[in-house]
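Before any comments, here is the structure.
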There are 2 protein chains.
Amino acid sequence: MSLGERKKRILQAIVDAYINTAEPVGSRAIANINAWGLSSATIRNEMSDLEELGYLDKPHTSAGRVPSALGYRMYVDQLMAQYRMTVDEISAIRLAMTMKLNELDEIMAQATKIISHLTSYTTMVTAPQMSKTAVKHIELYPIDAVSLVIFLVTGSGVAKNRSIRLKRPIDSIAVTRLSNLLNSKLAGHTIEEITFSKIQSIRNEMHGNEDIVIPILEQISECIHAIDNTAVYVGGANKIFDFPEYHDMQKAKQLLSFLDTKESVNEMLHMASQQQGIQKGNIHIIIGEQCGFLEMSDLSMMTAKYAVGDRIIGTIGIIGPTRMDYAKMVSSMELLTEAFNHILTQVIKEEKGDT
Amino acid sequence: MSLGERKKRILQAIVDAYINTAEPVGSRAIANINAWGLSSATIRNEMSDLEELGYLDKPHTSAGRVPSALGYRMYVDQLMAQYRMTVDEISAIRLAMTMKLNELDEIMAQATKIISHLTSYTTMVTAPQMSKTAVKHIELYPIDAVSLVIFLVTGSGVAKNRSIRLKRPIDSIAVTRLSNLLNSKLAGHTIEEITFSKIQSIRNEMHGNEDIVIPILEQISECIHAIDNTAVYVGGANKIFDFPEYHDMQKAKQLLSFLDTKESVNEMLHMASQQQGIQKGNIHIIIGEQCGFLEMSDLSMMTAKYAVGDRIIGTIGIIGPTRMDYAKMVSSMELLTEAFNHILTQVIKEEKGDT
DNA sequence: ATTAGCACTCCATACACGTGAGTGCTAATC
DNA sequence: GATTAGCACTCACGTGTATGGAGTGCTAAT
C-alpha cells in the first residue's frame with residue numbers, strides 16, 4: 001500500500017489507542033499523545049483521508065474514528081511494533097507450560113486453560129490428528145461374555161481405549177485369537193490403510209466368529225476418528241465478558257453457544273487455517289468477518305499450527321475482539337506454540353526406528 | 001407449619017405465578033386468576049400476614065410479593081402439585097437417553113448435555129466413583145525405551161489408560177514381567193487395598209528394577225483417583241442466560257466461572273447431597289444460599305443419586321433460579337435418573353461371579 | 001502546508017413529569 | 001368478625017427536554 005509515512009504513523013497511533021481504550025479515538029488525543037508537533041486540525045485532515053481510503057470508520061458524525069477491518073489489516077501487516085516480552089512474561093509462560101500431566105486428554109485440556117489464562121483471551125486447541133498415524137498395538141480384553149475392551153496404541157504413542165458390547169456371547173479364546181490377528185495384520189498401518197482384502201483375510205481366519213470382526217473394526221475406526229473430529233478444547237470462554245464490546249448479553253450468549261458445540265469450533269479452526277489471512281511468522285491472523293462465521297463478526301482470531309517432530313498435527317487458536325493487542329499476542333502465541341510443541345514432543349513420540 | 005388452609009393456597013398461587021412470570025406478583029393477579037371469589041383486598045391482608053411470617057418478600061414498597069427461600073421451601077415441601085408428565089415428554093426423554101455410545105467419558109458428557117437440554121437447566125453430573133471398585137486387569141505396554149502405557153480395566157468394566165515416562169530406560173522383558181506381576185497381585189483389589197507389603201513383594205520380585213515399581217503404582221493410583229476427583233460434567237451452562245434474573249452480566253459471569261472449575265462443582269455437588277434440604281423421593285432440593293456457595297445465592301439446586309446395581313456411584317444435579325419449576329423438575333429428574341441408571345447399567349457391569 | 005477558530009453534530013447524562021401497578025389503611029358492609 | 005370498597009400514597013419506569021462535552025469539517029489566516 002502506498003500510504004504516506006505520516007498517514008501510516010497516524011493510523012498506527014489510532015489503532016494502538018483503540019486497542020487500549022476500546023473507544024473511538026479523536027484527533028486531539030492523537031495530537032497530544034505523540035511528540036511529532038502536529039495540531040489536531042492536521043491530524044483531522046489526515047484522518048479524513050484515511051477514512052476515505054477505507055482504513056478508518058466513524059461510528060457516527062461526531063465520534064472519534066475507529067479502525068476498519070482494512071485498518072487492522074494494514075496495522076498487523078506493516079505497522080505494529082514488535083512486542084518484546086519481558087523476562088517476567090517469558091518465564092511465567094515457561095513455568096506454566098511445564099506441566100506434569102501424562103494423559104493426552106488432560107494435557108490438552110490443561111494447556112488450553114493455561115494459554116487462555118496467559119493470553120487472557122478465549123483459547124481453542126484441536127487435538128492431534130490421529131487418523132494419519134499408524135496403529136502400533138491393538139489388544140482386546142474380555143470383560144464378560146458379551147463385552148470387551150479395545151486397547152489401542154498409536155504409532156505416536158498415544159493410547160486410547162473403548163469398550164464394546166457384542167450382539168452375542170463369544171468365548172475368551174476367540175477374543176484372544178482375534179486380538180492377535182488384529183495386531184499382526186493391522187499394526188504399522190493407519191486406519192485409512194485398512195483395506196477390504198485385509199478385513200477379509202482376518203475374517204477368514206476367525207472360523208465361526210466372522211461376524212464379530214466388522215463391529216470391532218468399526219469401533220476401532222470410530223474411536224480413532226472420534227479423536228480427530230470432536231476433540232476440540234476450549235478454554236476461558238468466559239473471558240469474552242471482559243471485553244466492553246461484549247457487554248451485550250445477546251452477543252455474548254451467541255458466542256458462548258457457538259463455542260459450546262465442538263463441531264463448529266473445529267470447523268472454524270479448520271477453515272481459519274486455510275483461509276487467506278495475514279501471516280506473521282507461523283501465526284495466522286484473521287480479522288473480523290473474514291472467517292465466514294457470523295458469530296465472529298467483530299472478533300479476530302489468531303491461529304498457529306503446532307507440530308510434533310516435523311509433522312503438523314493440530315491448531316491452536318485464540319479469539320478476541322478485533323481490537324485485540326495483536327503485537328503482544330503474536331509474541332505470546334509464538335512462545336506458547338513453541339512450548340506446547342516441546343511438551344507434546346515429550347509425550348507423543350514419533351516412531352523412530354523402534355518397533 | 002400451622003398455616004391456615006387459605007394462606008397455603010394463596011402462597012401456592014403466588015409461587016406458581018412467580019415461577020411462570022419471574023415478576024413480583026400482586027394481590028390483584030391472585031384475586032383474578034383464582035376462582036375462589038376473594039377480593040384483592042382480602043388477598044392483600046393475607047399476603048401481608050404471609051410476609052410477616054417470612055414466606056414472602058417485597059422487593060420494594062409498591063411492587064408485588066416474591067416468595068422467600070422459606071416460601072419456596074414450604075411450597076416444595078407441602079404445596080406443589082405433582083406434575084404429571086405428558087406422554088410426549090416421557091417418550092422424548094426416553095428417546096433422547098437411548099444413546100449408542102460406548103466410551104464412559106462420552107456417555108457422561110453426552111448425557112449431561114441431553115439432560116440439560118431436556119430440562120432446560122444447567123446440568124452437572126459427577127462421574128462414577130472408581131476408587132471403590134476393584135481393579136480387574138492391569139497391563140503395561142512399552143512404547144519406547146523410557147515410555148510405557150498403562151491399561152486398566154476396573155471391576156465395573158470401565159477401561160482407562162495412561163502413559164508414563166520413566167527416569168531411565170527399561171527393557172521390554174522387565175516391563176512384561178512387571179505387567180504380569182501387577183496383574184496377579186493387584187487384580188481383584190481396590191486401590192485402597194494395595195498395602196505396603198503387597199508393594200514390597202512386587203518390588204522384591206523385580207530384581208534390579210525395583211525403582212520403577214513405585215512411579216508406576218503412583219500413576220495407577222493417580223489415574224483412578226483422577227477420575228473420581230475431577231470428572232464432573234457440566235452441560236448447558238449457557239442456559240442461565242435464559243433466565244431474566246441472570247440478565248445481569250456480573251452475576252452471569254460469576255456463575256459461569258464457578259461452573260468452569262470442576263473442583264468447585266464437584267465440591268458443591270458433594271455438599272449438596274449431604275446438606276440437609278428437602279427430600280422428595282430420591283430427589284434432593286436445596287433452595288437459595290443454603291448450599292453455602294455465594295455464587296448460588298439466588299439459585300436452587302436439585303440433585304439425585306444415580307446408581308449401578310445397588311451401589312450408589314454418582315450424582316446428577318441441575319441448577320436453576322430459585323423460582324424454578326420444582327414440580328416439573330422433580331418428575332423429570334426422577335425419570336432421567338432412572339433412564340441414566342439403565343444406560344449405565346448396560347455399559348458398566350458389576351462384577352457378578354465372573355472373574 | 002499548517003493551524004487557529006468557529007459552527008455544527010451527535011451522544012450521554014441528568015432532570016422533570018406523567019403513568020401504572022401495587023400497597024396499606026380505614027370505613028362501610030355482610 | 002371477616003370481607004370488601006375506596007382512596008391516598010409509594011415507587012419504578014418510560015418519555016421528553018435541556019445541557020455539556022467531545023468531536024468533526026470548513027474557512028480564513030499564517
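Letters A, B, ... are given to chains in the order of the sequence lines, protein chains preceding strands, and every chain is numbered from 1. The basis for the numbers below is simple: all heavy atoms, side chains too, and nothing from hydrogens, waters or symmetry mates.
- With sequence neighbours left out, the side chain to side chain donor-acceptor pair (under 3.5 Å) criterion links B/T303 to no other residue.
- Contact detail for A/I287 and A/S300: the closest heavy-atom pair is CA-OG, 3.4 Å.
- Panel note: side chain A/T122, backbone A/G236; a donor-acceptor pair is recorded below 3.5 Å.
- Taking the six-membered ring wherever Trp is involved, the centroid distance between the rings of A/Y246 and A/F241 does not fall below 6.0 Å.
- Checked against the 6.0 Å centroid criterion, the rings of A/F243 and A/Y121 qualify as a close aromatic pair.
- Here the shortest heavy-atom pairing between A/A81 and A/A327 reads O-CB, 3.3 Å.
- If you take CH2 of A/W36 and C1' of C/dT3, they are 17 Å apart, rounded to a whole angstrom.
- In this structure, A/K58 has no side chain to side chain donor-acceptor pair (under 3.5 Å) partners at least two apart in sequence or on a different chain.
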Using a cut-off of 4.0 Å between protein heavy atoms and nucleotide atoms, how would you tag nucleotides 12-20 of chain C 5' to 3' with B, S and -? ---------
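- Rounded to a whole Å, the CE atom of B/M47 is 16 Å from the P atom of C/dA21.
- Nearest heavy atoms, A/S40 versus A/S27: O-CB, 3.6 Å.
- In this structure, B/I14 and B/L56 approach most closely via the heavy-atom pair CD1-CD1, 3.7 Å.
- Comparing B/P59 and B/N45 along DNA chain D, the residue whose closest nucleotide (by nearest heavy atom) sits nearer the 5' end is B/N45.
- When each of B/R65, B/R44, B/K7 is paired with B/D49, the salt bridge (Lys or Arg N to Asp or Glu O under 4.0 Å) condition holds for B/K7 and for no other.
- When all heavy atoms of B/D77 and B/K280 are compared, the closest pair comes out as O-NZ, 3.6 Å.
- Between the side chains of B/Y83 and B/D325, no donor-acceptor pair is found at a separation under 3.5 Å.
- Atom pair A/R65:CZ and C/dC11:C1' shows a separation of 16 Å (rounding to whole Å applied).
- The side chain of A/S39 contributes an N or O atom lying less than 4.0 Å from OP1 or OP2 of C/dT3.
- For residues 20-32 of chain A, proximity to DNA chain D is found at A/G26, A/S27, defined as any non-hydrogen atom under 4.0 angstrom from a strand atom.
- Considering all non-hydrogen atoms of both residues, B/L38 and B/A31 come closest at O-CB, 3.6 Å.
- Think of the region where chain B sits on DNA chain D: with heavy atoms and a 4.0 Å cut, that region ends 5' and 3' at D/dT3 to D/dA12.
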Whenever both distances are under 3.5 Å in a Watson-Crick or G-U wobble pair, mark it; put DNA chain D into dot-bracket that way, with [ ] for crossing pairs and | when the partner is on another strand. ||||||||||||||||||||||||||||||
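- Nearer the 5' end of DNA chain D, as judged by each residue's closest nucleotide, is the contact made by B/L38, out of B/L38 and B/H60.
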